[in-house]
Amino acid sequence: MSPYFFYKKDLLFAEEVSLAEVAERYGTPCYVYSRSALENHWHAFTSAFGKVRHRICYAVKANANLAILQIFAKKKGGFDIVSGGELERVLAAKGEAKKIIFSGVGKQHAEIIRAMDVGIGCFNVESEAELERLHTLAMQRKKVVEIALRINPNIDARTHPYIATGLSDNKFGIDASEVVSLCKRIQATLPYCKLIGIACHIGSQLTELSPFMEALDCMLAIISMLKTAGISLQHVDMGGGLGVCYQNETPPKITEYVSALCSKLQNSGLEIIIEPGRALVADAGVLLTRVEYVKSTPHKNFAIVDAGMNDLLRPALYDAWHSIKAVKINQDISEKNYDIVGPVCESADCFGRNRSMALKEGDVLVIDSVGAYGACMSSNYNARPRAAEVMVYQDKIFLVRKRETVQSLFAEEDVSVIG
Ligand code: LLP
C-alpha cells in the first residue's frame, strides 16, 4: 500500500481523511484517489529528468477522470491518447492540444480530423494504411501534420500476454525492418506528413529494466540508420510500461528507469518522450467496497462484497493480484480464509482467493492500487451503475464523479420504436 493510504490505530486513512467516513458519505463501491500521491509521482518523473529535454505524456487510458487529467494539465504535462473520447476529455480538463500524442492502431476518420483541427502535437502512426489516410486528410485540409512512426521492435516485455505489445505477432507498430524505407517514402512522397520522431511501447507492468533497454537499442539503431539516410528527427518516444508493486514485484524505481533512458539517449540530442500511465496513478487509488454477506459452505468461506468485476476488471481479466484490507481492523474477530467475491453472475467475479481476513457483514474493505485501469475499465454489466469517484487532498474530500443512476443506464433506449 502506498504511503498515502495508512492506518492510524485501527482505521485506514487516505492522506488525512478517514476512509470509513468516505464510505459513509458517498457509499460503496467508491474509488478514492490521493491527490498528493498523483502530484508526487509526477514530480518524481520530472525531477528524475532534471535538465534533460523531455516530455511526460500521461497515458490517459490508465485513468481518464477529468480531475486526474486536470492535475497533470496544471503541471504542464502532455497526454497520450488513443481515441476521440480521450481527446475530448483532455481538452475538457484544459490539457494543451500541442502536447497531445495520438497513439492507437485504429484511428478513425472523424477522430483524426478532430485531432488535426484542434492541433495536437503528434500522431503516432501504427501502419502504412494509417499513414496514407493521415496524408490524404492532411492534404484535404492543406495542413501539414507532425507524425512519429511507432515501431514494433519484437521484444518480449516479460509481462502478462494480454498487455505485451512489442512482439511481432502483436497488432501494434510497424515492423522494425520496414521503418527506414517507410521514412524515406514519407520524405519523398508524402509532403503533408512531417516525420518528427519514432515511438515504441513494448508493454505494460514491466518489472525489469532490460526489455526497455533492448527496445532502446533498437530505437538507437533506427535513429542512426535514419541519420545515414539524411533523415533527422526531433524526438524519441519510449512509451509507457513501467510497472508497480501489487504484491511482491520489484519494478525499477522511477529514478532508475528515467536515468537508464537518459543515459542511453542523452547523446542523441533528441527530446525524450515517455507515456507513463500506471506508474503515475496505480497506487494513488483504492476501491472501497462493503461486505454484503459472509457465506460459508462446507468447502469455503466467501465474503460477498458490493463491488463487482464490472467495477474492477483486472482480477477477472488478467488474474491480477490486488491487496485487500479492512478499513477498520476488527480486533475481536479471528481471521479466516475468504474468497472475496462480487455479486456479478460469473465465477471470474472474484477479487482475491484465500485471503486471510477478520471480517463480518457490513464491514468496509479496500482493494488496493486500483488507480490505474480500475474505474476506466468499468462497465455496466448486470445493469450496475458505475461507482462514485472521490479525490482526497490533505483533510479535504472532493466528489469527482457521481455514482451513476440506474435511470441513466437505459436513458438512451427507446422501446416506442418497436411498437
Ligand atoms: N502508451 C501506449 C501506446 C500504451 O498502449 C500504453 C498502455 C501506455 C502508454 C501506458 O502504459 P503503462 O505506463 O500504464 O504501463 N489494462 C491493462 C493495461 C493495458 C495497457 C495498455 N497500454 C491492465 O490493467 O494492466
Side-chain angles (χ1 to χ4, degrees), residues 38 41-42 44-45 55-64 68 72 77-83 86 90 100-107 122-127 130 148-153 157-167 170-174 197-209 211-212 215 236-247 249 251-252 254 257-258 261 272-285 287 309 311-322 351 367-379:
L38 296 164
H41 295 337
W42 182 267
F45 273 105
R55 175 168 308 156
I56 301 164
C57 292
Y58 167 60
V60 174
K61 64 173 78 66
N63 189 324
I68 290 181
F72 295 142
F79 295 91
D80 165 56
I81 60 163
V82 289
S83 71
E86 288 189 352
V90 171
I100 296 175
I101 281 175
F102 195 168
S103 305
V105 293
K107 302 177 191 80
C122 186
F123 288 86
N124 279 359
V125 177
E126 304 233 10
S127 65
E130 180 191 334
L149 294 189
R150 173 165 172 185
I151 288 153
N152 183 322
R158 298 194 276 282
T159 183
H160 190 285
Y162 291 4
I163 52 176
T165 50
L167 286 167
N170 297 135
K171 66 182 172 183
F172 300 97
I174 293 161
I198 52 171
C200 72
H201 170 79
I202 57 172
S204 195
Q205 183 53 13
L206 272 69
T207 53
E208 304 163 78
L209 268 185
F212 288 117
V236 53
D237 176 351
M238 292 304 298
L242 180 60
V244 299
C245 174
Y246 288 108
Q247 187 173 13
E249 307 88 335
I254 290 173
Y257 162 75
V258 170
L261 294 185
I272 304 173
I273 294 181
I274 53 168
E275 305 165 355
R278 191 187 314 265
L280 281 168
V281 295
D283 75 357
L287 177 62
M309 63 192 280
D311 299 299
L312 174 66
L313 187 60
R314 302 195 73 254
L317 187 58
Y318 313 111
D319 224 355
W321 196 96
H322 288 267
F351 294 119
I367 307 179
D368 192 24
S369 291
V370 295
Y373 308 109
C376 58
M377 289 177 75
S378 64
S379 75

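Counting starts at 1 for both ligands and their atoms, in listed order. None of these values were measured; they are calculated from a predicted model.
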In terms of atom number and element, which parts of ligand 1 are under 4.0 angstrom from non-hydrogen atoms of [X]?
| X | answer |
| --- | --- |
| Pro276 | 13 (O) |
| Ala59 | 8 (C), 9 (C), 10 (C) |
| Gly277 | 12 (P), 13 (O), 14 (O) |

For [atom], closest protein heavy-atom neighbour:
| atom | value |
| --- | --- |
| atom 1 (N) of ligand 1 | Glu275 OE1, 2.6 Å |
| atom 15 (O) of ligand 1 | Ser204 OG, 2.4 Å |
| atom 24 (O) of ligand 1 | Arg314 NE, 2.6 Å |
| atom 17 (C) of ligand 1 | Tyr318 OH, 3.0 Å |
| atom 19 (C) of ligand 1 | Ile163 CG2, 3.6 Å |
| atom 21 (C) of ligand 1 | Lys61 CD, 3.7 Å |
| atom 20 (C) of ligand 1 | Tyr373 OH, 3.5 Å |

Grab the two heavy atoms, one from [X] and one from [Y], that are nearest each other, plus how far apart they are.
| X | Y | result |
| --- | --- | --- |
| Cys245 | Ser369 | O-OG, 4.5 Å |
| Pro276 | Phe45 | CB-CZ, 3.8 Å |
| Met309 | Ala316 | CE-CB, 4.1 Å |
| Ala279 | Ile254 | O-CD1, 4.5 Å |
| Pro252 | Leu206 | CD-O, 4.3 Å |

Side-chain contact test, heavy atoms from C-beta onward, threshold under 4.5 Å: evaluate it for [X] versus [Y] and give yes or no.
| X | Y | result |
| --- | --- | --- |
| His41 | Asp283 | yes |
| Glu126 | Lys171 | no |
| Glu275 | Ser103 | yes |

**OP:** Look at the side chain of Tyr373 and the backbone N and O of Ala282, then say whether any donor-acceptor pair between them is shorter than 3.5 Å.
**Re:** no
Do [X] and ligand 1 have an N or O pair less than 3.5 Å apart?
| X | answer |
| --- | --- |
| Gly241 | yes |
| Arg150 | no |
| Ala62 | no |
| Ser103 | no |

Subject >> Passing option when Glu130 is tested against Val125, Asn124, Val105 for side-chain contact (heavy atoms from CB on, under 4.5 Å) >> reply: Val125
Subject >> Side chain, backbone, both or neither: the part of Asp80 lying under 4.0 Å from ligand 1 by heavy atom >> reply: side chain
Subject >> Carboxylate-amine/guanidinium proximity below 4.0 Å for Lys61 and Asp80 >> reply: yes
**OP:** State if Thr165 counts as touching ligand 1 under the rule of any non-hydrogen atom under 4.0 Å.
**Re:** no
Subject >> Heavy atom of Ala372, distance to ligand 1 below 4.0 Å >> reply: no
**OP:** Would you mind finding which of His160, Arg278, His201 brings a heavy atom closest to atom 18 (C) of ligand 1?
**Re:** Arg278
